[in-house]
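To keep things clear, I will list the structure first and then write my remarks on it.
No experiment lies behind these values; they were computed from the predicted model shown. Reminder, nothing fancy here: chain letters follow the sequence lines and each chain counts from 1.
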Protein chains: 2
Amino acid sequence: MEADEAVETIQHEMTVFARRARASAGRMHPELSLVSYTLLGHLEERGGCRATDLAAHYALDKSTVSRQVAALERARLVERRLDPDDHRVQVLHLTEAGRRILAQVTDSRRAAFRERLEDWPAEDLRRFAGYLVRYNAWAPPDDEA
Amino acid sequence: MEADEAVETIQHEMTVFARRARASAGRMHPELSLVSYTLLGHLEERGGCRATDLAAHYALDKSTVSRQVAALERARLVERRLDPDDHRVQVLHLTEAGRRILAQVTDSRRAAFRERLEDWPAEDLRRFAGYLVRYNAWAPPDDEA
DNA sequence: ACTTCAAGTTGTACTATACAACCAAGTGGG
DNA sequence: CCCACTTGGTTGTATAGTACAACTTGAAGT
């Protein structure tokens, strides 16, 4: 395979993947959309942050995040704590239920990935993981993420 | 990196990518959504097919395809030809304009990918492409695509 | 204090999608 | 030959996710 051809293949396969991902994620976990899952994961990693940070980090409009967070709060997966120093700010935290659901969905996603990748040699897994990190780390001129 | 860790990284990075892809594809090409682009590409490859085939191939509801195709027809990018042997069937074909737009978007997407991948050694490109093909080729128990 | 800025919410609109109900055209058994 | 069934497609309706614009409230700077 030529390098140019490889680029085209990458383009094609990434496109295929992108088209499939949301729908299949939704089918796997009707209880937690890909976006909600991502936001919950971010909260877990950071141990709480502001809606604005989520919006900036994921290139979503603040209104979008506002509604997502409202839904997550209704579902009792996150809670908001008013920042005592700046009353405009609501710091978002996972609830116990949120942590539980997140862990559960993460497990089930992990199981799906494991199954999908179970026949791969360890060396290929490592390389593939590395390539993906490198691919995603690329910062576009006008950042997209 | 351990193999398990690699699987987690793959999961994480694929998730990140999936979340970003549609939005950025939309921003790159407001004139042709990712789905429309994919459908047009399919028509180009096959040189015409039925709406039902598109629906089956991309795991989309026939109503979804119907509306997408209707929009593409309104935009004069595809045309429908009634199958003379079976009047239920409409065979879809790219129009000249459709071919043109498709080529243009493909070029611009290709340029974006090339830019993103320009610093990669050829060997890495080849391997990455191979991994993606292999990843996407996996047929889930209850197929998703 | 008045202006300006920042964080969020709400109104509105649009796209992609699914499911169900439907129509129209073939197909096959009695 | 007719009626039931199947297949390809459209339309009605509902939902999720998203953006943009207008607004509210609180903070900060001159």
Side-chain angles (χ1 to χ4, degrees), chain A residues 15 18-40 48-75 78-93 144-145, chain B residues 15 18-40 48-75 78-93 144-145:
Chain A
T15 303
R19 194 179 28 68
R20 289 179 180 173
R22 277 197 200 205
S24 67
R27 251 173 279 127
M28 277 205 295
H29 311 290
E31 75 280 17
L32 208 57
S33 78
L34 194 53
V35 176
S36 298
Y37 175 72
T38 304
L39 298 184
L40 251 43
C49 73
R50 303 178 309 163
T52 295
D53 300 336
L54 293 175
H57 197 263
Y58 295 112
L60 295 169
D61 192 80
K62 55 189 179 163
S63 65
T64 300
V65 172
S66 173
R67 288 186 233 266
Q68 289 284 337
V69 168
L72 290 173
E73 192 189 28
R74 270 197 303 283
V78 308
E79 61 187 21
R80 322 185 195 210
R81 301 183 196 156
L82 217 54
D83 183 334
D85 298 348
D86 185 340
H87 281 203
R88 291 170 306 181
V89 173
Q90 303 171 359
V91 184
L92 306 172
H93 290 272
E144 72 186 54
Chain B
T15 304
R19 194 179 29 68
R20 289 178 181 173
R22 277 197 199 207
S24 68
R27 248 172 283 126
M28 277 204 295
H29 311 289
E31 75 280 15
L32 208 57
S33 78
L34 193 53
V35 175
S36 297
Y37 175 72
T38 304
L39 298 184
L40 251 43
C49 72
R50 303 177 308 164
T52 296
D53 299 337
L54 293 176
H57 197 263
Y58 295 113
L60 294 170
D61 192 81
K62 56 189 181 162
S63 64
T64 301
V65 172
S66 173
R67 288 185 232 267
Q68 290 283 337
V69 168
L72 291 173
E73 192 188 29
R74 270 196 303 283
V78 308
E79 61 187 22
R80 322 185 195 208
R81 301 182 196 156
L82 217 54
D83 183 333
D85 297 347
D86 184 341
H87 279 203
R88 292 169 306 180
V89 173
Q90 303 170 359
V91 183
L92 306 172
H93 290 270
E144 72 188 53

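Taking the side-chain contact (heavy atoms from CB on, under 4.5 Å) definition, one finds that A:Ala71 meets it with A:Arg74, sequence neighbours left out. With sequence neighbours left out, B:Arg88 forms a side chain to side chain donor-acceptor pair (under 3.5 Å) with B:Asp86. Among residues two or more places apart in sequence or in another chain, the side-chain contact (heavy atoms from CB on, under 4.5 Å) test is passed with A:Ala75 by A:Leu77. For A:Ser33, the side chain to side chain donor-acceptor pair (under 3.5 Å) criterion is met by A:Ser36, not counting sequence neighbours. Under the salt bridge (charged side-chain N to carboxylate O under 4.0 Å, His left out) criterion, B:Arg81 pairs with B:Glu79, sequence neighbours left out.
Phosphate contact (OP1/OP2 of D:dG17, side-chain N/O of A:Ser33, threshold under 4.0 Å): present.
Nucleic acid contact for A:Thr64: base, since at least one base atom lies under 4.0 Å from a heavy atom of the residue. Backbone-only contact: A:Thr52 has heavy atoms under 4.0 Å from sugar-phosphate atoms and none from a base.
B:Leu82 places its CG atom 11 Å from the P atom of D:dT10, with the value rounded to the nearest Å. In this entry the distance linking CG of A:Leu32 with P of D:dA16 reads 14 Å, nearest Å. The nearest whole Å value for the distance from the CG atom in B:Asp61 to the P atom in D:dT15 is 17 Å. Atom CG in B:Asp53 sits roughly 13 Å away from atom C1' in D:dG9 (whole-Å rounding).
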Protein-nucleotides 26-30 of chain D N/O pairs closer than 3.5 Å?
from   : atom 1 : to      : atom 2 : distance (Å)
D:dG26 : N2     : A:Arg88 : NH1    : 2.7
D:dA27 : OP1    : A:His87 : N      : 2.9

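Contact record, A:Leu72 with A:Leu40: CD1-CD1, 3.6 Å, taken as the closest heavy-atom pair.
Put simply, the side chain of A:Val69 reaches to within 4.5 Å of the side chain of A:Arg80, judged on heavy atoms. Between B:Tyr58 and B:Val65, every side-chain heavy-atom pair lies at or beyond the 4.5 Å cut-off. Between A:Gln90 and A:Leu82, the closest side-chain pair of non-hydrogen atoms falls below 4.5 Å. Two residues are said to be in side-chain contact when any heavy atoms from C-beta on lie closer than 4.5 Å; B:Val78 and B:Leu39 fail this criterion.
With distances taken from any side-chain atom of A:Lys62 to the nucleotides D:dG9, D:dA22, D:dA19, the minimum falls on D:dA22.
With a heavy-atom cut-off of 4.0 Å to chain B, the contacted part of DNA chain C has its first and last nucleotide at C:dA16 to C:dG26.
Listed by first then second residue, pairs satisfying salt bridge (charged side-chain N to carboxylate O under 4.0 Å, His left out) with a partner in residues 48-62 of chain A read A:Arg50-A:Asp53, not counting sequence neighbours.
Taking every heavy atom of residues 65-74 of chain A and every atom of DNA chain C, pairs under 4.0 Å involve A:Ser66, A:Arg67, by number.
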